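Computed from a predicted model, the values in this text were never measured in an experiment.
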Amino acid sequence: MEWKMIINGREATFEPGRTILEVASEMGVRIPTLCHLKDANPTGLCRICVVEAEGEDRLLPSCATPAADGMVVRTDSPKVRSARKAILEMLVASGQHNCFVTNLDADKWADYQLEAMERPWHQVICASWGNCRLQDLVVEYGVRTDQIQPKPCGDAPMDDGHPLIVRDFARCIQCGRCVAACNEVQMNQAIPYPYGRREDKPSPEGWYPLADYDKCTHCGECVQACPVGALFEKRSFDLGLDRELHKVKTTCTYCGVGCQLWLHVKDGKIVKASGVENGTPNRGRLCVKGRFGFEFVHSQERLTRPLIKEKGKFREASWDEALGLVVDRFTEIKRKHGAAALTGLSSARVTNEENYLMQKLVRAGFGTNNVDHCARL
C-alpha cells in the first residue's frame with residue numbers, strides 16, 4: 001500500500017510509517033534539524049524542523065510527525081522561517097556561543113573580552129567553530145546575534161576530568177543527541193536522559209546530561225553526535241579549525257570488522273578521527289581505539305631505521321644489510337627444521353594491505369599457514 005502527500009507543491013509517494021522528515025529527505029527536500037539523530041527514536045526537542053501542514057493550527061516537528069495520506073506540507077513558508085529564527089535566537093541566548101561575539105557592539109565586546117580572560121582555555125575558543133550546525137543555521141536564517149546577550153558560562157557545569165573528552169555545558173543546547181547516541185546507537189547507557197529536572201542533582205547541574213564513566217566505553221559517539229561545541233576531543237583541541245583540516249577516508253586496522261573512518265589531517269599530521277556516517281559496516285560508529293588510538297602514528301619512539309642486535313646491543317644498519325640478514329636466518333631455519341618452524345604475527349597498527357602482504361609472505365614465501373594477528377590475542 002502506498003500513500004501520497006504534497007510537499008512544497010510536489011507529490012510524494014511513500015509507504016505508511018514514515019515521518020514527514022523522512023519523506024521529504026527521500027524526495028530531496030532539505031529540512032534543517034538539530035536534535036534529530038539517525039538510528040535513534042525522534043524526540044522533537046529542538047523544533048528547528050517544524051513544518052506547516054494544512055488543517056493544523058500549529059507547526060509540526062517533521063522528525064516526530066508521521067506522514068499521512070493526503071497531507072499537504074510546506075517546509076519553508078514565512079511562518080516556518082519566522083518560527084525557526086525565533087528558536088535559533090533562544091538557543092544562542094541559552095549559553096556561550098561565542099562564535100558570534102564579533103557582532104557585539106564596542107561596549108559589549110569589551111565586557112566579553114574581560115570575561116574571557118577569566119575562563120578556562122576551551123571556553124574562549126569553540127572547538128566546533130566552522131563545523132557547527134547552530135552556527136550554520138544562524139547565518140542561514142539571518143539571526144541578529146549582536147542583539148543577543150550571551151548567558152554567563154558560570155551558570156552551567158563543565159567536565160574535563162575525562163582523559164579524552166571535554167563536556168562544556170556552557171555550549172550545550174540540550175538537544176539530546178549525545179544521550180541518544182549513547183543509549184540508542186551504542187547501547188552503553190552511560191548518559192542518563194536529561195529531559196526535566198533530576199532531583200538528585202543540584203541546580204543547574206541537574207538539567208544537563210552528565211555521564212556515568214563507570215558505564216562509559218570511551219567510544220566518543222557522543223562527541224560525533226554533538227551538533228555544537230559542547231563535546232569535543234581534548235587532545236585535538238586548538239590543533240586546527242575544521243576548514244583547515246584535510247579529510248582522508250580509510251579503514252580502521254585495529255580489528256577485522258573494517259570500520260570506515262575519516263582521518264582529519266593538517267600539515268601531514270592526524271588531528272582527529274571520526275566515523276564515516278554512510279560507511280559500512282559501522283555507519284559512523286567507532287570504538288575507543290578507532291576514534292582515539294592514532295597517536296602512535298606520530299610517536300617519536302617509532303623506529304625509522306633497521307637495528308641489528310650484536311653482543312646484546314643494537315646498532316643501526318642499512319635496509320640491504322638488515323633484509324639480507326633476515327633472509328639468511330629464515331632460510332637456515334627452514335632448511336634445518338622445516339617450514340612449520342616459521343610463523344608470522346601481523347599487527348593491528350598497519351593497513352589491511354600490509355597485513356595481506358604479511359600473510360602472502362608467510363604462505364607463499366615460508367610455505368606455511370602459521371600466520372596470526374595480534375587483535376586475536
Side-chain angles (χ1 to χ4, degrees), residues 164 186 217-221 223-224 233 235-236 239-240 242 244-309 314 316-331 333-334 338-377:
L164 302 171
Q186 291 290 61
T217 64
H218 320 295
C219 67
E221 191 71 20
V223 176
Q224 184 155 332
E233 298 94 333
R235 294 181 301 182
S236 64
L239 295 182
D242 188 74
E244 301 173 324
L245 305 181
H246 171 59
K247 290 170 64 174
V248 179
K249 186 178 179 181
T250 188
T251 302
C252 182
T253 60
Y254 273 106
C255 73
V257 172
C259 293
Q260 299 297 295
L261 56 83
W262 292 109
L263 296 179
H264 301 253
V265 181
K266 180 181 179 182
D267 298 331
K269 290 190 176 183
I270 301 171
V271 172
K272 64 179 181 179
S274 61
V276 178
E277 295 286 354
N278 297 319
T280 54
N282 54 312
R283 292 183 296 174
R285 307 168 194 177
L286 294 174
C287 72
V288 62
K289 290 184 178 181
R291 192 179 304 276
F292 298 110
F294 57 82
E295 287 196 328
F296 70 90
V297 175
H298 306 298
S299 172
Q300 297 299 314
E301 297 180 358
R302 295 190 69 173
L303 297 179
T304 58
R305 297 191 62 179
L307 300 177
I308 293 177
K309 196 170 188 178
F314 286 106
E316 289 189 352
S318 67
W319 282 105
D320 288 341
E321 181 185 8
L323 292 174
L325 177 61
V326 170
V327 171
D328 292 343
R329 291 290 291 125
F330 282 166
T331 302
I333 293 171
K334 183 176 180 179
L342 296 171
T343 188
L345 181 63
S346 197
S347 172
R349 295 191 173 188
V350 298
T351 64
N352 287 341
E353 291 77 10
E354 289 169 317
N355 280 319
Y356 171 82
L357 291 175
M358 182 64 176
Q359 65 87 29
K360 191 75 170 180
L361 169 66
V362 174
R363 291 191 169 100
F366 294 174
T368 178
N369 289 325
N370 294 342
V371 59
D372 208 342
H373 188 278
C374 69
R376 204 177 65 83
L377 298 180

Apply the test side chain to side chain contact (heavy atoms under 4.5 Å, CB included) to residues Arg235 and Leu164: give CA-CA distance (whole Å), side-chain angles for both, the deciding distance (0.1 Å), then the verdict.
-> CA-CA 7 Å; Arg235 294 181 301 182; Leu164 302 171; 3.8 Å; yes

Leu307 and Glu316: CA distance, side-chain angles, deciding distance, side chain to side chain contact (heavy atoms under 4.5 Å, CB included) verdict | CA-CA 5 Å; Leu307 300 177; Glu316 289 189 352; 3.7 Å; yes

Please report the C-alpha distance between Gln359 and His373 in whole Å, then the side-chain angles of each, then the deciding distance to 0.1 Å, and finally whether the side chain to side chain contact (heavy atoms under 4.5 Å, CB included) criterion is met.
-> CA-CA 10 Å; Gln359 65 87 29; His373 188 278; over 6 Å; no

Given side chain to side chain contact (heavy atoms under 4.5 Å, CB included), test Arg363 with Val371 step by step and report yes or no.
-> CA-CA 8 Å; Arg363 291 191 169 100; Val371 59; 3.6 Å; yes

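Interatomic distance, Leu245 CG to Trp262 CH2, rounded to the nearest 0.5 Å: 13.0 Å. One finds the CD1 atom of Ile270 at 4.5 Å from the NE2 atom of His298 (value rounded to the nearest 0.5 Å). Put simply, CE on Met358 and CG on Leu345 are 7.0 Å apart, with the number rounded to the nearest 0.5 Å. Atom NZ in Lys289 sits 15.5 Å away from atom CZ in Arg291 (nearest 0.5 Å). Atom CD of residue Glu233 and atom NZ of residue Lys272 lie 5.0 Å apart, to the nearest 0.5 angstrom. Taken from CZ in Phe292 to OG in Ser236, the straight-line distance is 8.0 Å, to the nearest 0.5 Å.
Looking only at side-chain heavy atoms (C-beta outward), Lys247 and Val265 stay at 4.5 Å or farther from each other. Looking at Val276 and Lys249, their side chains come closer than 4.5 Å, going by heavy atoms from C-beta outward. Looking at heavy atoms from C-beta onward, Val257 lies in side-chain contact with Pro281 at the 4.5 angstrom threshold.
For the pair Leu261 and Gly290, the tightest heavy-atom approach, listed with the atom from each and the gap, is CD2-O, 3.7 Å. Shortest non-hydrogen contact noted between Gln186 and Cys219 is NE2-SG, 3.4 Å. Summarising the geometry of Thr368 relative to Leu342, their closest heavy-atom pair is CG2-O, 3.7 Å, with the distance given to 0.1 Å. In terms of heavy-atom proximity, Leu286 sits nearest to Ser274 at CD1-C, 3.6 Å. Residues Arg305 and Ala317 share a closest heavy-atom pair of NH2-O, 4.1 Å. Listed here is the closest heavy atom pair of Phe366 and Thr343: CE1-O, 4.1 Å.
Using a distance-only test at 3.5 Å, with no hydrogens or angles considered, a donor-acceptor pair links the side chain of Arg302 to the main chain of Val297. Although no hydrogens or angles enter the test, the distance criterion places no donor-acceptor pair under 3.5 Å between the side chain of Asn282 and the main chain of Gly258. Within the 3.5 Å criterion, the main-chain N or O of Cys287 finds no donor-acceptor partner in the side chain of Tyr254.
With Arg329 as the fixed residue, the side chain to side chain contact (heavy atoms under 4.5 Å, CB included) test singles out one of Val326, Ile333, Val327, Thr331: Ile333.
Atom CG of Asn278 sits in a sparse spot, with 12 or fewer heavy atoms from other residues, nucleotides or ligands closer than 6.0 Å.
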